[in-house]
Amino acid sequence: SSAASDVYKRQVGYREIEITYSDAASMEPRELVLRVWYPAQSDSGAAPAQYSVGGIIDLPSPYALDAPPVIDDDDLPFTVHSHGNGGEGLLAYPYGELMASHGWVFVAPNHTGNTAFDLLLDMADPFTLVGLNRPIDVSAIIDEFESGLVGDELAGKADASRVFLFGHSFGGYTTFAGGGADVDFDAMEADCEGVTSESCDVLADPNVEAAYRAGFGDPRVVALAPQAPALVSIADGELAALGMPTMLM
């Protein structure tokens, strides 16, 4: 429609990418599914994209195309969006389609162990492990777009040195942590005194403690936009000390 053409400036491609990295707790392989929207070359002839929801339902996108070639430009602006607790990356499709049409490479991961299907199938990770993995997922994604994606046409296309990070609810926590706000591990540990739970068992792992205490701030993240953020475990004073542009939604 003419209204859509006023908002969407170019054709958009959509594809899914799987990446694997070693997690900070067990050093075992951790797999992520990335939902990726990007500016596409015009007149590619690509079919409309189909958004697959858990491999059960396929929904046609009203705007994005199925894996057309990316535009020729390099150093495209780059953003990562983090879904909320029990969500999934596909929920970010309105942002992905819009921002990609304006030239952005937009990545929305499924945070493995904290998606809707993980909760539905009773496969969810303990809360403290999710809080550890989420911001590290973000850095792993930036790593992949910076120096990975070997043989993929998206390799080297995004400017991974300057990343806009945003997310909803638990994704807001992820945003603040990825932007450099430290988690108060001592307070989390104190809350576990005399408590028996999977989450508290996670905190007893020295690898987990070391990762939390090292912090999750990634210097490649340069702007934040947390959406209704869950401020779980963020240490006092950390938000006020953030030294980068931040839009609280």
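Checked by atom type and distance alone, the side chain of Lys157 pairs as donor or acceptor with a backbone atom of Asp72 at under 3.5 Å. Not one N or O on the side chain of Ser199 forms a donor-acceptor pair closer than 3.5 Å with the backbone of Pro126. A donor-acceptor pair is defined here as one N or O able to donate and one able to accept, closer than 3.5 Å; no such pair exists between the side chain of Asp66 and the backbone of Ala47. Distance alone, capped at 3.5 Å, places no donor-acceptor pair between the Thr115 side chain and the Thr112 backbone.
Residue Leu132 holds its CG atom at 7.5 Å from CG of Asp23, rounded to the nearest 0.5 Å. With rounding to the nearest 0.5 Å, the separation of CZ in Arg35 from NE2 in His81 is 13.5 Å. A distance of 7.5 Å separates CZ of Phe166 from CE of Met249, quoted to the nearest 0.5 Å. For the atom pair CG (Asn133) and NE2 (His111), the distance works out to 9.5 Å, reported to the nearest 0.5 Å. The CE atom of Met188 lies 4.5 Å from the CG atom of Leu203; values are rounded to the nearest 0.5 Å.
Taking the six-membered ring for Trp and thresholds of 30 and 60 degrees, Tyr51 and Tyr14 have ring planes more than 60 degrees apart, a perpendicular arrangement.
Look at Asp152 and Arg15 and you find a salt bridge, because one of the NZ, NE, NH1 or NH2 atoms lies within 4.0 Å of a carboxylate O, short of that distance. Using a 4.0 Å cut-off between charged side-chain N and carboxylate O, Arg30 and Asp137 make a salt bridge.
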Verdict with supporting geometry, Ile142 and Asp218, side-chain contact (heavy atoms from CB on, under 4.5 Å): CA-CA 9 Å; Ile142 300 172; Asp218 193 309; 4.1 Å; yes
Before giving the answer on side-chain contact (heavy atoms from CB on, under 4.5 Å), spell out for Glu146 and Ile141 the whole-Å C-alpha distance, their side-chain angles and the decisive distance to 0.1 Å. CA-CA 9 Å; Glu146 184 175 58; Ile141 292 164; over 6 Å; no
Given the rule in the side-chain contact (heavy atoms from CB on, under 4.5 Å) test, do Arg134 and Thr175 qualify, once you have shown the distances and angles that lead to the verdict? CA-CA 9 Å; Arg134 277 173 157 270; Thr175 299; over 6 Å; no
Could you walk me through whether Phe164 and Phe78 pass ring-ring contact (aromatic ring centres under 6.0 Å, His included), step by step? CA-CA 6 Å; Phe164 170 46; Phe78 186 38; over 10 Å; no
Full working for side-chain contact (heavy atoms from CB on, under 4.5 Å) between Phe170 and Val130: CA-CA 10 Å; Phe170 210 171; Val130 173; 3.5 Å; yes
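A donor and an acceptor atom, one from each side chain of Glu97 and Ser61, are located under 3.5 Å apart. Counting only N and O atoms by type, the side chains of Asp125 and Asn114 include no donor and acceptor under 3.5 Å apart.
The number of heavy-atom neighbours closer than 6.0 Å to OH of Tyr93, taken from other residues, nucleotides and ligands shown, is 12 or below. Within a 6.0 Å radius of CD in Glu31, no more than 12 heavy atoms belonging to other residues, nucleotides or ligands are found. Atom CE of Met244 has more than 12 neighbouring heavy atoms from other residues, nucleotides or ligands inside a 6.0 Å radius. Sparse packing is recorded around CG of Asp236, with 12 or fewer heavy atoms of other residues, nucleotides or ligands lying under 6.0 Å away. Heavy-atom contacts from other residues, nucleotides or ligands closer than 6.0 Å to CG of Asp43 number 12 or fewer. Summarising the local packing, CD of Glu198 is surrounded by 12 or fewer heavy atoms from other residues, nucleotides or ligands at distances under 6.0 Å. For CZ of Arg213, the number of neighbouring non-hydrogen atoms (other residues, nucleotides, ligands) closer than 6.0 Å is greater than 12.
Using a 4.5 Å cut-off between side-chain heavy atoms of Ile, Leu, Val, Met, Phe, Trp and Tyr, with links allowed through other members, Val80 and Leu149 fall into the same hydrophobic cluster.
For the side chain to side chain contact (heavy atoms under 4.5 Å, CB included) with Tyr38, the qualifying choice from Val70, Val107, Ile71, Leu76 is Val70, the only one to do so.
Side chains of Leu98 and Tyr8 form a contact here, defined as non-hydrogen atoms less than 4.5 Å apart.
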